[in-house]
Amino acid sequence: MAEQLISTAVHEQLPENYVRPETQRPRLHEVVSDAQIPVVDLADPDRAAVVARIGEACTTHGFFQVINHGVPVELMDAMLAVAYDFFRLPPEEKAKLYSDDPAKKMRLSTSFNVRKETVHNWRDYLRLHCHPLEQYVPGWPANPPAFREMVSAYCREVRALGFRLYAAISASLGLEEEYVKAALGEQEQHMAVNFYPKCPAPDLTFGLPAHTDPNALTILLTDQQVPGLQVLKEGRWIAVNPRPNALVINIGDQLQALSNGRYKSVWHRAVVNADRPRMSVASFLCPCNDVLIGPAAKLVGDGSPAVYRDYTYAEYYSKFWSRNLDQEHCLELFRA
């Protein structure tokens, strides 16, 4: 099955099983290319202003970029470099890591869910579980030689940043700063190292089609030179143009539920490029599987009934993976 990896060959033509029906194509000429995604400077000494900007971004966009975030730029560059080195490994070495089983804790795969799809996506990806590191790192790829050390260091920094953002998000909702972190239990952490090879027909396919993230918070390190992430806002797709040394943050489905719908887990997608490959590294903070998730009690009252019922993350994640990526918002299935 590893022959399905698209990063092991150069493609002069787009294979038929990657071509989207005409009504489902990206319509790249309609994308808003010059929109501004909110940018939050985490080094701003005015804490209240930072909290307010994050709250506004979560309400209006569900996405924002952070600068001066504390993750060393040298480590971000090293993470992207080792990711490119991984996807340059010989095909026979990558084949040993291939799996299309979503339950595996470490796997190299392609598209999204090849067992269910009828049309594939122009993406190969390495999926890793990252917490606790001492449990999972021994099962990670041993090559490139720097992989385990670099990725571990990056994971630690991103986890700390995620918890800082949780505190600001809690405060922006009028909750105690520890609320979100405590409500979601012992956080799991996953990573998707996404490689989008050069594509011979970017207007006919996706890297990933429109979807929301099933987890709580996503921190995205993306190639500064090759944009590809797009976000749906008011019915139009807008390009996310990466700021130098910034990380892109997006609200996942669980924070939408916790905020009782105030904050939006928005539709986003990845498009591909005819001239250059693109890499992105998505870090996902995920609730504990058995923790009960629902709207914060303080956000539910006479004028604001609970929008969602309580559920476990295990129930949610199972439902998410049983569907196609671009079906209706999975949270719709958990309305109160």
Side-chain angles (χ1 to χ4, degrees), residues 20 23-44 49-69 71 76 80 121-123 161 165 168-169 172 192 194 196 199 202-213 215 217-253 255-256 259 261-284 325-326 329 331:
R20 292 266 160 187
T23 56
Q24 298 175 20
R25 293 175 186 173
R27 304 171 74 93
L28 298 173
H29 61 284
E30 296 180 2
V31 173
V32 180
S33 60
D34 56 354
Q36 294 301 310
I37 297 290
V39 177
V40 180
D41 183 350
L42 295 185
D44 187 333
V50 171
V51 167
R53 279 195 287 273
I54 287 176
E56 182 180 11
C58 292
T59 304
T60 59
H61 287 75
F63 262 81
F64 55 98
Q65 298 191 59
V66 290
I67 57 174
N68 297 317
H69 42 64
V71 180
M76 294 164 60
L80 285 173
N121 305 298
W122 199 254
R123 171 184 82 137
L161 171 61
L165 291 169
I169 289 167
S172 71
N194 301 305
Y196 306 96
C199 178
D203 52 335
L204 301 183
T205 193
F206 287 105
L208 274 176
H211 64 285
T212 66
D213 288 353
N215 51 295
L217 191 74
T218 301
I219 300 174
L220 185 73
L221 168 62
T222 188
D223 196 316
Q224 301 285 320
Q225 309 303 319
V226 190
L229 175 64
Q230 299 177 350
V231 181
L232 188 64
K233 180 164 171 45
E234 296 169 354
R236 300 192 71 185
W237 288 102
I238 62 176
V240 177
N241 298 309
R243 292 265 303 233
N245 305 328
L247 291 164
V248 180
I249 312 298
N250 74 275
I251 297 300
D253 294 353
L255 285 182
Q256 178 169 326
S259 72
R262 287 195 200 180
Y263 292 172
K264 305 302 180 193
S265 174
V266 296
W267 294 93
H268 54 287
R269 67 186 190 180
V271 297
V272 288
N273 190 292
D275 302 315
R276 302 179 68 175
R278 174 175 172 262
M279 186 75 70
S280 73
V281 179
S283 296
F284 307 104
L325 193 59
D326 52 0
H329 203 307
L331 266 178

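None of the values given here were measured: they were computed from a predicted structure.
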Engineer: A side-chain contact here means heavy atoms from C-beta on lying under 4.5 Å apart; do H69 and L165 qualify?
Structural biologist: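 Result no, sub-4.5 Å side-chain heavy-atom pair not found.
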Engineer: Contact between Q230 and P26 at the side-chain level, heavy atoms closer than 4.5 Å - yes or no?
Structural biologist: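 No - every pair of side-chain heavy atoms lies 4.5 Å or more apart.
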Engineer: Say you draw a straight line from CZ of R269 to NE2 of H211; how long is it, rounded to the nearest 0.5 Å?
Structural biologist: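 Those atoms lie 12.0 Å apart.
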Engineer: For D253 versus T212, what's the shortest heavy-atom pair and its separation?
Structural biologist: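 Where D253 meets T212 most closely, the heavy atoms are OD1-OG1, 3.0 Å.
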Engineer: Decide yes or no for V50 and D41: does some side-chain heavy atom of the first lie under 4.5 Å from some side-chain heavy atom of the second?
Structural biologist: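 The answer is no; the side chains never approach within 4.5 Å.
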Engineer: Of the non-hydrogen atoms in G228 and R278, which two are nearest, and what is the gap between them?
Structural biologist: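 Smallest interatomic distance, heavy atoms only, reads N-NE, 3.6 Å.
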Engineer: Quick one: pull up CD in Q225 and CG in N273 and give me the separation to the nearest 0.5 Å.
Structural biologist: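 So the gap between those two atoms works out to 12.0 Å.
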Engineer: For the CD1 atom of I37 and the CG atom of L229, what is their distance to the nearest 0.5 Å?
Structural biologist: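 Reported value, rounded in 0.5 Å steps: 7.5 Å.
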Engineer: Among side-chain atoms of D203 and H29, is any donor-acceptor pair under 3.5 angstrom?
Structural biologist: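 On atom types as modelled, these side chains do not qualify, holding no pair under 3.5 Å.
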Engineer: Is there side-chain contact between L80 and V281, with heavy atoms separated by less than 4.5 Å?
Structural biologist: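 In contact.
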Engineer: Rounded at 0.5 Å granularity, tell me how far CZ in R243 sits from CG in N241.
Structural biologist: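 It is 11.0 Å, given to the nearest 0.5 Å.
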Engineer: I need the minimum non-hydrogen distance between F206 and V272, along with the two atoms involved.
Structural biologist: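 That closest heavy-atom pairing would be C-CG1, 4.4 Å.
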Engineer: Should the ring pair W267 and H329 be called parallel, tilted or perpendicular, given that the plane angle runs from 0 to 90° and is split at 30 and 60?
Structural biologist: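 The rings of W267 and H329 stand perpendicular, inter-plane angle above 60°.
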Engineer: Walk me through whether V240 and Q65 qualify under side chain to side chain contact (heavy atoms under 4.5 Å, CB included).
Structural biologist: CA-CA 9 Å; V240 177; Q65 298 191 59; 4.2 Å; yes
Engineer: I'd like to check R25 versus L204 (side-chain heavy atoms, cut-off strictly below 4.5 Å). Are they in contact?
Structural biologist: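 R25 vs L204: side chains touch.
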Engineer: What closest approach, in Å, do Y263 and G55 show between heavy atoms, and which atom pair accounts for it?
Structural biologist: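 Looking at all heavy atoms of both residues, the shortest contact is OH-CA, 3.4 Å.
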Engineer: Test side chain to side chain contact (heavy atoms under 4.5 Å, CB included) on V39 and I67 and set out the steps.
Structural biologist: CA-CA 7 Å; V39 177; I67 57 174; 4.1 Å; yes
Engineer: Give a yes or no on this: more than 12 heavy atoms of other residues, nucleotides or ligands lie within 6.0 Å of atom CD of E30.
Structural biologist: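 Yes - once you tally the heavy atoms of other residues, nucleotides and ligands closer than 6.0 Å, there are more than 12.
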Engineer: Could you walk me through whether N121 and R20 satisfy the side chain to side chain contact (heavy atoms under 4.5 Å, CB included) test, starting with their C-alpha distance in whole Å, then the side-chain angles of each, then the deciding distance to 0.1 Å, before giving a yes or no?
Structural biologist: CA-CA 9 Å; N121 305 298; R20 292 266 160 187; 2.7 Å; yes
Engineer: Nearest 0.5 angstrom please: I251 CD1 to H61 NE2, how far?
Structural biologist: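 Going from the CD1 atom of I251 to the NE2 atom of H61 covers 13.0 Å.
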Engineer: Within the 4.5 Å heavy-atom criterion, are I54 and V66 side-chain neighbours or not?
Structural biologist: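 No, side chains not in contact.
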Engineer: Between S280 and Y196, is there a side-chain heavy-atom distance shorter than 4.5 Å?
Structural biologist: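 Yes, at least one pair of side-chain atoms sits under 4.5 Å.
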Engineer: Report yes or no: does T205 contribute a side-chain atom to a donor-acceptor pair with the main-chain N or O of P202 at less than 3.5 Å?
Structural biologist: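 Judged by distance alone, no pair lies under 3.5 Å.
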Engineer: Considering only heavy atoms from C-beta outward, does the side chain of P242 approach that of D223 to under 4.5 Å?
Structural biologist: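 Not touching, per the 4.5 Å side-chain cut-off.
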Engineer: Rounded to the nearest 0.5 Å, what separates atom CG in L217 from atom OG in S283?
Structural biologist: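 So the CG of L217 and the OG of S283 are separated by 10.0 Å.
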Engineer: Quick check: closest heavy atoms across K233 and T60, and the distance to 0.1 Å?
Structural biologist: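 Reported closest heavy-atom pair: NZ-O, 3.3 Å.
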